[in-house]
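See below for the structure under consideration.
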Amino acid sequence: MAKRKVGLKAKFAVLFIVTAAFLLAINAVWRDSVQHDQVEREMLESAHMLATEMDAVWDFMEVNQSQFIRNEDGTYNVYCVVAAKVVAQKFTNNSGGIIIHYTNLETRKPTDAPDAYELEALQALRDNPDLEAYYGLVDYEGDKAFRYIEPLWMSESCLECHGMPEGELDVMGYPKEGRSVGDLAGAASIIIPADTYLVGAQESIARETLVFFLFWPVVCLLHFTACRGW
């Protein structure tokens, strides 16, 4: 009877430990998924805010275009697209890793050319005008980064440089593309390094896992202490 009692205790102990390990693994996977989603939401909010601020710069320059000093031939010294790109470059140089890049499917300068992710995003935005943005947490130059691509659409003021007739040189000396109002004009591409966000999430998971590890031995100890009276 005593041997049977000891054997039952041993089986119960093994079952208890296996169950605890299984729950620990499930908890770790679940917490990792939750933290990943939270990180992506936080980075999406940051990227959307940056895009909104850059849109405000572009809109300000566009609305106040007539106030800019003109050259002798009537052309402006500053255009909205030039100003927006200069602001984006200034921000990129002083942001500590965040990159803002204006790109398009048909670029006028090599520096504006899209990379593989931007090209994929531009094609998706062109094919689905209802898509407000294209984004994701992806690999970027060996590290994790949040990529956010927001479309820019052709307006009336854009036609001066990008409208009809196609091939005619615009005021800046580039051939017009023959686009119409509502066409995809390009996109604002934002790249946010994910290291800081991910490290914080991983530290949170590590703390919760440690607490979980410490919790189960206490439960086991209390359980086996109670089982001595069997």
Side-chain angles (χ1 to χ4, degrees), residues 35-65 77-155 157-158 161-162 172 174 177 179 183-204:
Q35 291 288 354
H36 183 279
D37 291 343
Q38 182 178 344
V39 166
E40 189 165 281
R41 284 196 301 270
E42 291 176 358
M43 299 186 78
L44 174 59
E45 184 178 346
S46 297
H48 178 68
M49 183 61 67
L50 282 174
T52 301
E53 291 172 351
M54 291 304 301
D55 286 345
V57 172
W58 194 299
D59 290 343
F60 173 81
M61 297 299 295
E62 185 175 359
V63 169
N64 293 280
Q65 185 81 57
N77 279 325
V78 181
Y79 288 87
C80 55
V81 62
V82 175
K85 288 181 179 180
V86 170
V87 172
Q89 188 59 56
K90 289 287 186 181
F91 179 88
T92 298
N93 293 341
N94 297 282
S95 66
I98 298 176
I99 298 172
I100 299 179
H101 177 226
Y102 285 100
T103 187
N104 197 353
L105 289 170
E106 300 175 38
T107 56
R108 293 179 166 187
K109 297 180 180 180
T111 53
D112 295 335
D115 62 17
Y117 189 86
E118 290 169 335
L119 179 60
E120 180 181 301
L122 285 164
Q123 292 170 340
L125 294 167
R126 178 197 59 192
D127 297 339
N128 184 6
D130 294 329
L131 191 62
E132 295 182 357
Y134 190 95
Y135 56 85
L137 192 58
V138 299
D139 291 324
Y140 177 73
E141 296 185 352
D143 295 308
K144 284 290 184 181
F146 186 78
R147 305 291 305 268
Y148 180 90
I149 319 290
E150 188 172 278
L152 302 171
W153 303 102
M154 292 289 296
S155 63
S157 62
C158 300
C161 295
H162 302 282
M172 291 189 287
Y174 294 102
E177 292 87 357
R179 295 174 185 161
D183 289 347
L184 181 65
S189 173
I190 299 174
I191 304 171
I192 304 177
D195 292 347
T196 302
Y197 291 85
L198 292 175
V199 167
Q202 290 167 357
E203 288 177 350
S204 177

| For the student: nearest non-hydrogen atoms of Pro114 and Leu119, plus distance | CB-N, 3.8 Å
| task | Check whether any side-chain heavy atom of Glu150 lies under 4.5 Å from a side-chain heavy atom of Glu132, and answer yes or no. | result | no
| said: Any non-hydrogen side-chain atom of Tyr140 less than 4.5 Å from a side-chain atom of Ile99? | reply: yes
| request: Identify the heavy atoms of Ala84 and Met54 that sit nearest to each other, and give their distance. | output: O-CE, 3.5 Å
| query | Judged by atom type as modelled, is there a donor-acceptor pair below 3.5 Å linking the side chain of Thr107 to the main-chain atoms of Thr103? | reply | no
| said: If I take atom CD from residue Glu45 and atom CZ from residue Arg41, how far apart are they, to the nearest 0.5 angstrom? | reply: 10.5 Å
| field | Distance, nearest 0.5 Å, that separates CZ of Arg179 from SG of Cys161 | value | 11.5 Å
| query | Between Leu122 and Gly186, which heavy-atom pair has the shortest distance, and what is it? | reply | CD2-C, 4.1 Å
| said: Counting only heavy atoms not in Tyr102 (residues, nucleotides, ligands), do more than 12 fall under 6.0 Å from its OH? | reply: yes
| query | Taking the side chain as C-beta and beyond, is there a heavy-atom pair between His48 and Glu53 under 4.5 Å? | reply | no
| task | Go through the side-chain N and O atoms of Glu118 and His101 and say whether any donor and acceptor fall under 3.5 Å apart. | result | yes
| For Ala145 and Ile191, which heavy atoms make the closest approach, and how far apart are they? | CB-CG2, 4.0 Å
| query | Got Ile98 and Thr92 here, is their nearest side-chain heavy-atom distance under 4.5 Å? | reply | no
| Are the charged groups of Glu120 and Arg147 less than 4.0 angstrom apart, N to O? | no
| Using 4.0 Å as the upper bound for N to carboxylate O, is an ion pair formed by Asp139 and Lys144? | yes
| said: So Arg126 and Leu105, do their side chains get closer than 4.5 Å, heavy atoms only? | reply: yes
| request: For Leu137 and Ala194, work out which heavy atoms get closest and say how close. | output: CD1-CB, 3.6 Å
| query | Can you tell me how far the CG atom of Leu184 sits from the CE atom of Met154, to the nearest 0.5 Å? | reply | 10.0 Å
| request: Apply ring-ring contact (aromatic ring centres under 6.0 Å, His included) to Tyr117 and list each qualifying residue two or more places apart in sequence or on a separate chain. | output: Tyr134
| field | Approximate separation, where rounding is to 0.5 Å, of Ser189 OG and Asp115 CG | value | 6.5 Å
| message | Rounded to the nearest 0.5 Å, what separates atom OG in Ser95 from atom CD1 in Ile190? | response | 10.5 Å
| query | Would you say the side chain of Leu152 lies within less than 4.5 Å of the side chain of Trp58, judging by non-hydrogen atoms? | reply | yes
| request: Would you indicate whether Met49, at its atom CE, is surrounded by more than 12 heavy atoms from other residues, nucleotides or ligands within a distance under 6.0 Å? | output: no
| request: With side-chain contact (heavy atoms from CB on, under 4.5 Å) as the test, would you mind laying out the steps for Leu44 and Phe146 before giving the verdict? | output: CA-CA 8 Å; Leu44 174 59; Phe146 186 78; 3.8 Å; yes
| said: Can a donor-acceptor pair be found, under 3.5 Å and without considering hydrogens, that links the side chain of Asp143 to the backbone of Pro193? | reply: no
| query | Would you call Lys85 and Asp112 a salt bridge, taking side-chain N to carboxylate O under 4.0 Å as the test? | reply | yes
| query | What closest approach, in Å, do Trp153 and Ala185 show between heavy atoms, and which atom pair accounts for it? | reply | C-CB, 3.9 Å
| Do Gln89 and Asn93 get their side chains close enough for a donor-acceptor pair, meaning under 3.5 Å? | yes
| task | Using atom types as modelled and distance alone, determine if a side-chain donor or acceptor of Asn128 lies under 3.5 Å from a backbone N or O of Ala124. | result | no
